[in-house]
Amino acid sequence: MELKKLSKDFYQQKCLTVARGLIGKILVRIKSNKIYSGIIVETEAYLGEKDPAAHSFIGKTKRNEVMFGEGGFSYVYFTYGNHYCFNVVTEKSGTAHAVLVRAVEPLLGIEEMKKNRGTDYIYNLTNGPGKLAQAFEINKVLNGADLNGREIFIVENERKDYKISKSKRIGISKNTEKLYRFYAKDNIFVSKYFIKKLAA
DNA sequence: TTGCGGATGGACT
DNA sequence: GTCCATCCGCAAC
C-alpha cells in the first residue's frame with residue numbers, strides 16, 4: 001500500500017469536492033503500537049454559516065473553534081453523552097466548512113477494532129460515525145490534530161474505481177433536503193445499509 | 001419495527 | 001437550571 005498523505009491543497013478545496021474526493025481514500029489512525037486503517041466509504045459535507053445543520057452555523061464557540069481554522073485538521077466532537085464523531089476541516093481559514101466521515105471499510109487492526117467495539121461482526125465495526133470513532137480509538141484528544149501529522153491522517157488509494165452516489169444527510173433536523181452525503185455505491189460497509197435492505 | 005435510555009457538555013435563560 | 005445534540009444498542013411492541 002502506498003502511504004502518500006493527502007496534501008493541504010486537497011483539504012482546502014471546496015467542501016463538497018473534498019467530501020466526494022474522500023470516498024475511496026484510506027483513513028489511518030496510529031495509537032502507540034497499534035495501527036488502524038479503513039477505506040472511507042461514506043461522508044457528509046457541512047457548509048459552515050450557509051448551512052443550518054452545521055455546528056459552525058451559530059458562530060464560533062469553544063466546541064467548534066477548530067472548524068474555523070484552515071483545512072487539513074481534525075474536528076472531533078462529543079455528542080449524545082457517549083459518542084465521538086470525526087470530521088475533516090476543509091477550505092480556507094474562517095469558512096468553517098467540514099466533512100463528517102460516517103463510515104469506513106476496515107483494513108488493518110480489525111481484531112483490535114472488534115475488542116474496542118465489543119462485537120465480532122465485521123459489518124458492525126465502522127458503519128456509522130460513532131462506531132467508527134470507537135473502533136479507531138478516536139476521541140477529543142484528536143480534536144484539532146493536524147492531518148499531516150502522525151496520529152491520524154488520510155492516504156491515497158491505488159484503487160480508484162469507486163462509484164459514488166449522493167443522498168440526503170442522516171441524523172440532522174435542519175436543512176435536510178440538501179444532497180450533501182456521498183457514499184460508495186453498493187458498499188456493504190456504509191451506515192444504515194442493512195436497514196435499507198430490510199425496508200426495500 | 002419502533003422507541004427510548006445512555007450520560008456529557010455547550011449554548012442559552 | 002434546562003435543553004438538546006451530525007448516534008447506537010437493545011428492549012419491547
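Keep in mind that the numbers below use all heavy atoms, side chains included, and drop hydrogens, waters and symmetry copies. Predicted, not measured: the structure shown is a model, and the values here were computed from it. Chain A is the first sequence line, chain B the second, and so forth, proteins listed ahead of strands; every chain is numbered from 1.
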Atom-pair distance ([atom1] on [X]; [atom2] on [N]), nearest Å:
{"X": "Asp120(A)", "N": "dG9(C)", "atom1": "CG", "atom2": "P", "value": "14 Å"}
{"X": "Arg169(A)", "N": "dC7(C)", "atom1": "CZ", "atom2": "C1'", "value": "16 Å"}
{"X": "Tyr46(A)", "N": "dA5(C)", "atom1": "OH", "atom2": "P", "value": "12 Å"}

Ser74(A) vs Val89(A) side-chain heavy atoms within contact, under 4.5 Å: no
Side-chain (Thr126(A)) to main-chain (Leu132(A)) donor-acceptor, under 3.5 angstrom: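 Not at all, since once roles are kept as given, no pair shorter than 3.5 Å links the two residues.
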Phosphate contact (dG9(C) OP1 or OP2) by Lys131(A) side-chain N/O below 4.0 Å: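 For dG9(C), OP1/OP2 do have a side-chain N/O of Lys131(A) under 4.0 Å.
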Which residue, Phe153(A), Phe136(A), Phe86(A), forms the ring pair (Phe, Tyr, Trp, His ring centres under 6.0 Å) with Tyr36(A)?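 When ring pair (Phe, Tyr, Trp, His ring centres under 6.0 Å) is applied between Tyr36(A) and each of Phe153(A), Phe136(A), Phe86(A), only Phe136(A) qualifies.
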Evaluation steps, salt bridge (Lys or Arg N to Asp or Glu O under 4.0 Å), between Arg169(A) and Asp51(A): CA-CA 12 Å; Arg169(A) 291 176 291 183; Asp51(A) 182 2; 2.7 Å; yes
Dump the pairs, protein N or O against N or O of nucleotides 6-9 of chain B, anything under 3.5 Å, distances to one decimal.
residue	atom	partner	partner atom	Å
dG6(B)	N2	Asn82(A)	ND2	3.2
dG6(B)	N2	His83(A)	NE2	3.2
dG6(B)	N3	Asn82(A)	OD1	3.4
dG6(B)	N3	Asn82(A)	ND2	3.2
dA7(B)	N3	Tyr80(A)	O	3.4

What contact category does Leu100(A) fall into here, base, sugar-phosphate, or nothing, at under 4.0 angstrom with non-hydrogen atoms?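 Base, at least one base heavy atom under 4.0 Å.
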Rounded to whole angstrom, note down the P distance from dA5(C) over to dT13(B). 16 Å
Salt bridge flag under 4.0 Å for residues Arg102(A) and Glu44(A): yes
Which sits closer to the 5' end of DNA chain C, Gln134(A) or Asn87(A), going by the nucleotide each is nearest to?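 Comparing both residues, the 5'-ward one is Asn87(A).
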